[in-house]
Amino acid sequence: MSKALPKRSEDYSLWYNELVKKADLAENSAVRGCMVIKPYGYSIWEKMQAQLDKMFKDTGHTNAYFPLFIPKSYLSKEASHVEGFAKECAVVTHYRLKNAEDGSGIVVDPDAKLEEELIVRPTSETVIWSTYKNWVQSYRDLPLLINQWANVVRWEMRTRLFLRTAEFLWQEGHTAHATRQEAMEETEQMLGVYARFAEEFMAMPVIKGVKTANERFAGADETYCIEALMQDGKALQAGTSHFLGQNFAKAFEVKFANKEGKLDYVWGTSWGVSTRLMGALIMAHSDDDGLVLPPKLAPIQVVIVPIFKSEEELEQITAEVKKIKDKLLPAGISVKFDNRDTHKPGWKFAEYELKGVPVRIAIGPKDLENGTVELARRDTKTKEVFDLKNGDILEKISTLLDDIQANIYQKAFDYRAAHITEVNSYEEFKEVLEGKGGFISAHWDGTSETETRIKEETKATIRCIPLDQKQEDGSCILTGKPSKGRVIFAKAY
RNA sequence: CGGGGUGUAGCGUAGCCCGGUUAUCGCGCCACAUUUGGGAUGUGGAGGUCGCAGGUUCGAAUCCUGCCACCCCGACCA
């Protein structure tokens, strides 16, 4: 393991790339744009999945699985949907290989051409709605509240580990409802679930908002989102929840008989978060020494490092460690005792800091003598000596984990608060954008043309129209036309 | 997909312009010894299709062509 990480202040994207690799989260694979998620990285994803899955179940959803391949014709049924994804689809055209006649290896058998080409799903609306057609006849069949955990493929030009990969893991919820209002409530409910997950578990504050027409999901009537701010001042869309109206129901003929006996199209939603959340998690909290993980998502919450010279010393320490583990483990705290004699304590300290383990306990001969342990917290890098006789270690650690969770949230919150800037002129807008970055709250005339022009001139996009937007008369920073409230601009990932 | 850059041991690199003994150094790895409260030290050792494929040449890591991958900057996107 080589030592130092690049400094965030010197090269932020290099810092990110190196951190992802050095902390054993992921690495590039032989396939362009695809990544290998390593065990430690996957453990974090599993913690995210477990929590989100629970939240989905708690709100009445069930998991199912739909196929990876989508007949090409399905994709073209919803006009704007195809347009949105056509440029980044992987296509399966053949189903057999054979040995090349000149012995040069294996080639695609031209005789094995598929009748209809298959698209590797970039998202599953089309397969799912074509299935829902068969599942829905009456209002009694509604609502359908289904989620799937899956991989999807979007053939991206430029990729970055976790933030944008050609294949990524996600969850996609797809629901069908009898009324417009119910579908709208579902859309908002799931946005709330995402926001709560981001804030309470990832310790990452987010802005809830609505996308402008330019940024809306292809095929949706309305796209809601949570937007987070990274430490380099760039915004990251962390989750989306779409109100699909009756668009997919109409495209796939999903009709039901309502209570009055009349046929009507069902109302739909879809919502998703992906392994991109891993990127958000990394960039929200980590520092120049490595990852900083929120305790609620850390695969290892507490690491115990023994400091010993002899076998006997290690045995004595191990006995003490067992007592501590017996208290922590039943309380659901994940503890790793790193008793390897192949690495020195200092090496281990650095290693677990790189991996973002929230709390470290060190026990050495001096501690055995004094009945103490040394507690170190990752977020503040502070250490304290804890007297085992004068306090309950479980209570101490629980409090510490809660403190860390709260502290890193607060830190991210303060950073964001300091980086939401209200501006009232285009000059000021460009100045803030080039200087301190972050979210910029400004008036906009509500037109696509203006948004596009601002994007072309500054690379900033409207991240969202905040749900808690204040009614405030103002004039558009670009055109001077009247505006009723501020929207959030930023450069985005 | 356009512009620029990089590819040499597990990782990071020197050598490349100007072709010529056995390809450099550091980290890591293995062995032994001394060490162990913040990434130990010494001694010895192992490890290389110089990204891949062609070409030029008596001779290629080095020159030429093509391809692949990665990084940065653009267009596209969660």
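In this text, all values refer to a predicted model and were calculated from it rather than measured experimentally. Per chain, numbering begins at 1; letters A, B, ... match sequence-line order.
- Nucleic acid contact class of A:T165 (heavy atoms, under 4.0 Å, all strands): base.
- B:G66 and B:C52 make up a base pair, with Watson-Crick or G-U wobble contacts both under 3.5 Å.
- Residue A:F168 is classed as a base contact, given a heavy-atom separation below 4.0 Å to a base.
- Within 3.5 Å, no donor on the side chain of A:K459 pairs with an acceptor on the base of B:G74, nor the reverse.
- The shortest distance between the side-chain N/O atoms of A:K344 and the OP1/OP2 oxygens of B:A40 is below 4.0 Å.
- Within 4.0 Å (heavy atoms only), A:G279 reaches no atom of the nucleic acid at all.
- Distance from the side chain of A:E351 is smallest for B:G39 among the nucleotides B:G38, B:C77, B:G39.
- Under a 4.0 Å N-O distance rule, the pair A:E27/A:K38 qualifies as a salt bridge.
- A residue-by-residue look at A:V373 and A:L163 shows that A:V373 has its nearest nucleotide of RNA chain B further toward the 5' end.
- Listed nucleotides B:G37, B:G39, B:C77 differ in distance to A:P365; the shortest reach to its side chain belongs to B:G37.
- For the OP1/OP2 pair of B:C71 and a distance below 4.0 Å, the side-chain nitrogens and oxygens of A:S13 include no atom meeting the criterion.
- The nucleotide whose nearest atom lies closest to any side-chain atom of A:E353 is, among B:G37, B:C70, B:G38, B:G38.
- Of all nucleotides listed (B:C77, B:U36, B:G38), B:G38 comes nearest to the side chain of A:R360.
- Nucleotide B:A75 has no partner under the Watson-Crick or G-U criteria, as no pair reaches both atom distances under 3.5 Å.
- A side-chain donor-acceptor contact under 3.5 Å links A:D338 and A:Y352.
- The side-chain tip of A:R416 does not point at the ring of A:F439 from less than 6.0 angstrom away and within 45° of straight on.
- Each of A:E456 and A:F308 has a nearest nucleotide on RNA chain B; the 5'-most of these lies closest to A:F308.
- Considering only the side chain of A:N28, B:C71 comes nearest among B:G39, B:G37, B:C71.
- Taking the side chain of A:E156 as heavy atoms from C-beta on, and the options B:C77, B:G37, B:G39, the nearest nucleotide is B:C77.
- Distances shown here put a side-chain N or O of A:N17 below 4.0 Å from the OP1 or OP2 atom of B:C72.
- Under the Watson-Crick or G-U wobble criterion, with both distances below 3.5 Å, B:U36 has no partner in any strand shown.
- Stacking of A:K355 on the aromatic ring of A:Y40 is recorded, both the 6.0 Å distance cut-off and the 45° axial limit being met.
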